[in-house]
Visitor: 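Pasting in a structure now, in structure tokens, and then I'll have a few things to ask.
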There are 2 protein chains.
Amino acid sequence: MDTDERIALAMAELLRKQGYAATGINQLARAAGAPTGSLYHHFKGGKREIAAAALRQTGAAYIQLLPLLLDAHDDLATGIESLFAEAAEDMRDTGWANMCPVGTVTAETADTEPELRKVAAEVMETWVEVGSRYFTARGLSEADSRTVVFAVLSALEGAFILARGMRSAEPFRAAGRTLGTYVASLRDEQPKTPARTRAQTGQRHHAPVPRGESPGPPRARQTPNAAG
Amino acid sequence: MDTDERIALAMAELLRKQGYAATGINQLARAAGAPTGSLYHHFKGGKREIAAAALRQTGAAYIQLLPLLLDAHDDLATGIESLFAEAAEDMRDTGWANMCPVGTVTAETADTEPELRKVAAEVMETWVEVGSRYFTARGLSEADSRTVVFAVLSALEGAFILARGMRSAEPFRAAGRTLGTYVASLRDEQPKTPARTRAQTGQRHHAPVPRGESPGPPRARQTPNAAG
DNA sequence: CTCCCGGTAGAACGGTCTCTCTAGAGAGAC
DNA sequence: GTCTCTCTAGAGAGACCGTTCTACCGGGAG
């Protein structure tokens, strides 16, 4: 692997674990197996530029997981629920450490590092674009696709944080269930009509959601038990 | 205001904006209007202890907003949606800077500062407890209450991050809509503890809702710590 | 051989970090 | 007046920060 890729990868790993400010250049050099001079040879912009490269790299990799995980499910609602379950499993297996560095860095530096905030915004916009294209391809209206993408991303990032703090998979279960239910309600509400009407009327979602007989809504209610 | 409170408050503000690692003791001293020595006089544990106090203080203030904002709505679903709308408005009004310090610090330090992670976990567990008690009082089953609380908290924290990065209120709109829909679906699905009766008779909830457990509940607007 | 060059090394620099230390102001007791 | 205790005040210690700088290595061109 090329040195610059290795550096960016090591940076992504450190950002994921401890954020931007706490990650030192020397620590990064050690982790990447490169001397300090090499870091500045490959990235003239120093720490900031390396972090930007790491964010872009990670962002591109993460959004590929969306189709990868959802394609396996014919029903989008169950697919989304299992996506959250997978994320939870992954976090638990890595000792509640596996978190998206984009979220961490954004939370930490949005006010103090304008350049990094811009990079994070670009990454997120790519996520929204790619994701909403995918959901549109799976049959949702454009407006609904956008809503679902934003909701999924928000819930994921938030569940990362809660799970990381509480060392519990419960945030993922809850987020997965609510989003699965929402997507199911979209499917049941408008089997074929272009959702333009629903989106325009706006307040419609407070009306009773038809939950009649449906092939595969998220599974029946279960009592949430604390995950150790 | 007492010096130690002022210190913790200034710390909360800084954590909110730039996280734990990037916040220096001297910067904090300047912000709090206290010399370095006073910081260590009031908090022998130094930076870490001040951060812990700030997290506890903020956490207690934030969860009070839940009943404060939701009590205004007879319908829980619309209440939740408007809660997200309020959060979005507040962030926009503060230049996309108003974020929960608990989330930022957890994301940043969960692996490197075990003590802070534990404090964050306690705060989050309090949120879940208080919140699920509230939703139970509003007519949801205990299991549903817990799910809704986790989903709301996850979506909120995640929307904070996305909105902060993208400078857009869209994450809040999407999260509010999906969660409103979910709560509405719960209401429509199991009218055995009839929400209708509750709404019509005007006999409104609040039996065991914890109110006034603190001398000064925050204002109805978000930013319980509005002392820049 | 020399010259050049992408890349590897890491020492050195000025600055900032957290934390400790000493000094003293102010109030109350005697 | 002195003694004590709480809190303010900030200089200083020692470590580490991001960055820059110089030195070195290997190999293709002349």
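Only this structure's heavy atoms are used, side chains among them; waters, hydrogens and symmetry mates stay out. None of these values were measured; they are calculated from a predicted model. Below, chains carry the letters A, B, ... as their sequence lines are ordered, and counting in each starts from 1.
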Visitor: Using the ring centroid of each side chain, check whether B:F172 and B:F160 are separated by less than 6.0 Å.
Guide: yes
Visitor: Want to know the stems of DNA chain C: at least 3 consecutive Watson-Crick or G-U pairs with distances under 3.5 Å, which are they?
Guide: C:1-30 with D:1-30
Visitor: Rounding to an integer number of Å, can you tell me how far A:L39 CG sits from D:dC17 P?
Guide: 13 Å
Visitor: Hey, can you pull the residues of residues 8-19 of chain A with a non-hydrogen atom under 4.0 angstrom from DNA chain D?
Guide: none
Visitor: Can you confirm whether A:E5 is buried at CD, in the sense that more than 12 heavy atoms of other residues, nucleotides or ligands lie under 6.0 Å from that atom?
Guide: yes
Visitor: Round to the nearest Å and state the distance from A:F43 atom CZ to D:dT19 atom P.
Guide: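 Taking atom P of D:dT19 as the reference, CZ of A:F43 is at 13 Å.
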Visitor: Rounded to the Å, how far apart are A:E5 CD and C:dG7 P?
Guide: 13 Å
Visitor: To check you understand the geometry: which heavy-atom pair defines the closest contact between A:T106 and A:M124, and what is its length?
Guide: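 Of all heavy-atom pairs spanning A:T106 and A:M124, the closest is OG1-CE, 3.5 Å.
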Visitor: Give a yes or no on whether the backbone of B:G165 and the side-chain of A:R117 come within a donor-acceptor separation of less than 3.5 Å.
Guide: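 Such a contact is found between A:R117 side chain and B:G165 backbone.
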Visitor: Taking protein heavy atoms under 4.0 Å as touching, what does nucleotides 10-27 of chain C look like 5' to 3' if B marks base contact, S marks sugar-phosphate-only contact and - marks none?
Guide: B-------BBB-------
Visitor: Can you measure A:D4 atom CG to C:dG7 atom P for me and round it to whole angstrom units?
Guide: 9 Å
Visitor: So which heavy atom on A:I80 is nearest to which on A:G180, and how close?
Guide: CG2-N, 4.3 Å
Visitor: Any side-chain donor-acceptor pair under 3.5 Å between B:D71 and B:Y134?
Guide: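 B:D71 vs B:Y134: donor-acceptor pair found between side chains.
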Visitor: Go through the side-chain N and O atoms of B:T136 and B:E142 and say whether any donor and acceptor fall under 3.5 Å apart.
Guide: no
Visitor: Under the criterion salt bridge (Lys or Arg N to Asp or Glu O under 4.0 Å), I'd like the reasoning laid out for A:E89 against A:R92: C-alpha separation, chi angles, the key distance, then a yes or no.
Guide: CA-CA 5 Å; A:E89 224 177 278; A:R92 179 169 34 214; 5.7 Å; no
Visitor: Please report the interatomic distance CD1(B:I50) to CD1(B:I25), rounded to the nearest 0.5 Å.
Guide: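 Reported value, rounded in 0.5 Å steps: 4.5 Å.
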Visitor: Is it the case that the side chain of A:E108 and the backbone of B:E108 share a donor-acceptor pair, with hydrogens and angles ignored and the cut-off at 3.5 Å?
Guide: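 No; judged by distance alone, with no hydrogens or angles, the pair does not exist.
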